[in-house]
Amino acid sequence: KCASRLPAGSSIDVEEPLEHVFIINQGPAGMDGSYQVVVGSFLVFQVLFHMVTPRLSARLSWGYSNLSASQKTEWHSRCVSTIHALIVGGLALYILWFDDDVNRDRIWGDPRLVKVNIAIASGYLINDLVLLLWHWKTLGDRYFISHHLAALYAYQYVLVS
């Protein structure tokens with residue numbers, strides 16, 4: 001058993017690594033730490049868009065330097081979208097296959113990892129909304145805006161429950 005950073009008298013079994021990695025603490029006004037994950041996710045996806053994908057693309061793709069500025073913006077957006085899909089999809093598969101609490105009772109089971117996944121997706125959607133608005137001529141689409149806002153609206157029900 002491991003007892004670091006847990007309330008007194010509680011412990012976790014290290015044989016269940018992802019079950020207890022994301023211990024979401026209570027925040028101000030009774031809000032849990034899901035919104036910290038949202039903010040962290042937003043920041044990570046911003047760094048990926050502005051710093052990581054340009055550098056990796058320039059290093060790994062000979063044709064990247066021939067792209068126009070708007071094509072590079074579109075490329076970075078697609079790279080970040082793919083990374084987001086791999087992270088959220090991978091975590092969703094983990095939950096589906098290995099999260100016994102959720103699989104035992106999908107309605108009332110412990111939704112901790114589900115909330116983490118929704119928080120990561122929310123951070124990505126906010127990031128993408130900012131990029132859609134900032135790079136409207138290249139990325140902007142009113143249907144994407146509607147999609148992102150509708151998803152965020154629905155996701156907030158999961159995060160606050």
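Everything numeric here is computed off the predicted structure, so don't read it as measured data. The chain is numbered in sequence order, starting from 1.
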Quick check: is Tyr155 connected to Leu132 through a chain of hydrophobic side chains (ILVMFWY, heavy atoms under 4.5 Å apart)? yes

For a 4.5 angstrom cut-off between non-hydrogen side-chain atoms, does Ile87 reach Tyr124? no

Residue pair Leu129 / Leu149, side-chain heavy-atom distance below 4.5 Å: yes

Can any side-chain N or O of Asn117 pair as donor or acceptor with the backbone N or O of Leu113 at less than 3.5 Å? no

For a 4.5 angstrom cut-off between non-hydrogen side-chain atoms, does His76 reach Pro54? yes

Say you draw a straight line from CG of Leu159 to CG of Leu152; how long is it, rounded to the nearest 0.5 Å? 9.5 Å

Cys79 side, atom SG; Glu74 side, atom CD - distance, nearest 0.5 Å: 10.5 Å

So, for Ser34 and Ala119, which heavy atoms are closest and what is the spacing to 0.1 Å? O-CB, 3.5 Å

Which residues share a side chain to side chain donor-acceptor pair (under 3.5 Å) with Arg55, sequence neighbours left out: none

More than 12 non-hydrogen atoms from neighbouring residues, nucleotides or ligands closer than 6.0 Å to NE2 on His147, yes or no? no

Side-chain donor-acceptor pair present, Trp75, Thr53, cut-off under 3.5 Å: no

Shared hydrophobic cluster, Leu67 / Leu131 (ILVMFWY, side-chain heavy atoms < 4.5 Å): no

Any donor-acceptor pair under 3.5 Å from His84 side chain to Val80 backbone: no

Ignoring hydrogens and geometry beyond distance, is a side-chain donor-acceptor pair present between Tyr64 and Gln71 at under 3.5 Å? no

For the residue pair Tyr157 and Tyr153, does the interplanar ring angle fall in the parallel (under 30°), tilted (30 to 60°) or perpendicular (over 60°) class? perpendicular

I need the Phe45 CZ to Ile83 CD1 distance, nearest 0.5 Å. 7.5 Å

Just grab all the side chain to side chain donor-acceptor pair (under 3.5 Å) pairs involving residues 126-143, residues at least two apart or on different chains. Gln46-Asn127, Asp128-His148

d(Arg112 CZ, Ile95 CD1) to nearest 0.5 Å is 11.5 Å

Give a yes or no on whether Ile120 and Leu86 share a hydrophobic cluster (residues Ile, Leu, Val, Met, Phe, Trp, Tyr; joining criterion: side-chain heavy atoms under 4.5 Å apart). no

Rounded to the nearest 0.5 Å, what separation is found between the CG atom of Leu56 and the CG atom of Leu48? 9.0 Å

Would you check if the side chain of Ser61 reaches a backbone N or O of Ser57 as a donor-acceptor pair within less than 3.5 Å? no

Measuring only between side-chain heavy atoms, which start at C-beta, is Phe49 closer than 4.5 Å to Thr73? yes

Return yes if some donor-acceptor pair links the side-chain N/O of Ser122 with the main-chain N/O of Ile118 below 3.5 Å, else return no. yes

According to a hydrophobic-cluster definition based on side-chain heavy atoms being under 4.5 Å apart (Ile, Leu, Val, Met, Phe, Trp, Tyr only), do Tyr94 and Trp97 belong together? yes

Looking only at heavy atoms, what is the nearest atom pair of Leu139 and Ser77, with distance? CD2-CB, 3.9 Å

